[in-house]
Protein chains: 2
Amino acid sequence: MARIPASERRAALVQAALRVVSQRGIAHATTRAIVAEAGMSLASFHYAFDSRDELIDELITTVVAREQEAVLPDDLQGHDIRDMLEAGLLRYFDHLRADPEHEQAMLELTQYALRSPDRHPLAVAQYARYTELGARSLAAAAELAGVVWTTPVEQVARVLIAFTDGLTLTWLVTRDDDVARAVAHAAADALSRMAEPR
Amino acid sequence: MARIPASERRAALVQAALRVVSQRGIAHATTRAIVAEAGMSLASFHYAFDSRDELIDELITTVVAREQEAVLPDDLQGHDIRDMLEAGLLRYFDHLRADPEHEQAMLELTQYALRSPDRHPLAVAQYARYTELGARSLAAAAELAGVVWTTPVEQVARVLIAFTDGLTLTWLVTRDDDVARAVAHAAADALSRMAEPR
DNA sequence: ACTGAAGTGGGACGATCGTCCCAGTCGCAT
DNA sequence: ATGCGACTGGGACGATCGTCCCACTTCAGT
């Protein structure tokens, strides 16, 4: 094995861990499975990380921090706020369909974090991040559509997150595209009612 | 240990397994943890079940089959369909708040089933059951409110399930009651638009 | 009372887990 | 070139996992 500084190994191991979690689930993301995916020896793992828990924590943090352009539509389209919201949700749905395993992994990581008091804050931070990204999109969309949110935009964002979560979970189980689109439509409908003309 | 027929042991073990999964997560639901919860010896486990997988499968099946009155409101109240839906969703939310661990367990079992090709049908069946219960409620509500669904009621039910899933997941992480209520309100709003006066 | 089936308990199995140790090797500063 | 710290590889550890075995006890039918 080539000689690689520990900091780079950490990054490589985190990426390998994400691939393992995506493909086989967090239960199978053992230290041996992760180093095999990364093409390293077992000792390299504990040279870069003190423990598996530390790796998982960093995995969650990393993956949440980089959750950006995926959900954030860069070009808002549609002639009114409702259309914009639906377009945004459908865009997210395309992202979900393109890489279902990734969203499933995110879901598993959340549940995993929820099960340990130490890690619970990570799950909360994950949702705070989602809310922040959602609020930013919602504010931009309202600006473009010439409307104002009648509820604080963070609150609207949290409802948006709940809707996308529901869409994700349901589609991951049923793989029913029509239902997912119906959810996007209904969600956009409901959210648009939280805004009024400026 | 008292002598108990294998069939009763199976039921007792399933109940014990549900308690363990609820309290500590499916990852900690080992054969030893389950028999300890049930107050049995390890041998009794493999006398009643061929394998742990068999127990988990039966746990999922059992717990889904009995998912009835929890979500199904027996007394629909509200003067129009929108109010009825919101009342129903809030009722579900009360149920969620009363026993968060149970819903978290259901979520984990779904994800667990999703990870194995053999068990995938169990997750699908779980959602089919949810849809069936949802459709029944929606049909009853429409009847009472004097409206008809403009979309097939099963389709509406699937959207309803997605919304409740989102509400559940978000609340389990954030424990924000206000957001959950806002989600219920918005979801009822959106769903009610899928109906029109008869 | 006798027998066979049903149920029980404890201990053990091989596999796999996270972690650790240590001898060895590389690269860089001196 | 040489020494030292950074890094590597293989093998091992104790713990825990699912499962199994077997001697034993209880109960129902005769």
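Fair warning: this is a prediction, and the values are worked out from it, not measured in the lab. A, B, ... follow the sequence lines: proteins, then strands. Residue 1 opens every chain.
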Exercise for the section: Step through the shown structure and confirm whether more than 12 heavy atoms of other residues, nucleotides or ligands are within 6.0 Å of CG on D50(B). Expected result: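 Open.
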Practice task
Identify, with sequence neighbours excluded, every residue that meets ring-ring contact (aromatic ring centres under 6.0 Å, His included) alongside F93(A).
Solution key: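 Listed in chain order: W171(A).
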Practice task
Can you sort out the partners of Y112(A) under ring-ring contact (aromatic ring centres under 6.0 Å, His included), two or more places apart, ordered by chain and number?
Solution key: none
If you look at every heavy atom in [X] and [Y], which pair is closest and at what distance?
X       : Y      : value
V20(B)  : A33(B) : CG2-O, 3.9 Å
A17(B)  : L55(B) : CB-CD1, 3.6 Å
S192(A) : R82(A) : OG-CG, 3.3 Å

Completion exercise
For nucleotides 12-29 of chain D, 5' to 3', base contacts (B), sugar-phosphate-only contacts (S) and non-contacts (-) with protein non-hydrogen atoms under 4.0 Å give B----BBB-----BB---
Report the residues that fulfil side chain to side chain contact (heavy atoms under 4.5 Å, CB included) with [X], sequence neighbours left out, ordered by chain and then residue number.
X       : answer
T61(A)  : L122(A)
A186(A) : V159(B), F163(B), A190(B), M194(B)
P117(A) : none

Handout entry: Length of the OH-P vector between Y47(A) and dG10(D), whole Å
Key =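 So the two atoms are 18 Å apart, to the nearest Å.
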Practice task
Please report, rounded to the nearest Å, how far the P atom of dT8(C) is from the CG atom of L13(B).
Solution key: 10 Å
Output a table of nitrogen or oxygen pairs between the protein and nucleotides 28-30 of chain C separated by less than 3.5 Å.
none

Quick one: salt bridge (charged side-chain N to carboxylate O under 4.0 Å, His left out) pairs with a partner in [range], sequence neighbours left out?
range                       : answer
residues 21-42 of chain B   : R19(B)-E37(B)
residues 155-172 of chain B : none
residues 188-198 of chain B : D189(A)-R193(B), R193(A)-D189(B), E143(B)-R198(B), D189(B)-R193(B)

Exercise for the section: Answer yes or no: is there a donor N or O on one side and an acceptor on the other, between the side chain of T168(A) and the main chain of T164(A), under 3.5 Å? Expected result: yes
Exercise for the section: Determine to 10° how strongly the helix from dA1(C)-dT30(D) to dT30(C)-dA1(D) is bent, judged from the axes of its five-pair ends. Expected result: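 Taking five pairs per end, the axes differ by 0°.
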Problem - Of residues 15-27 of chain A, the positions that come close to DNA chain C - non-hydrogen atoms, cut-off under 4.0 Å - result: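 Residues of residues 15-27 of chain A under 4.0 Å from DNA chain C: none.
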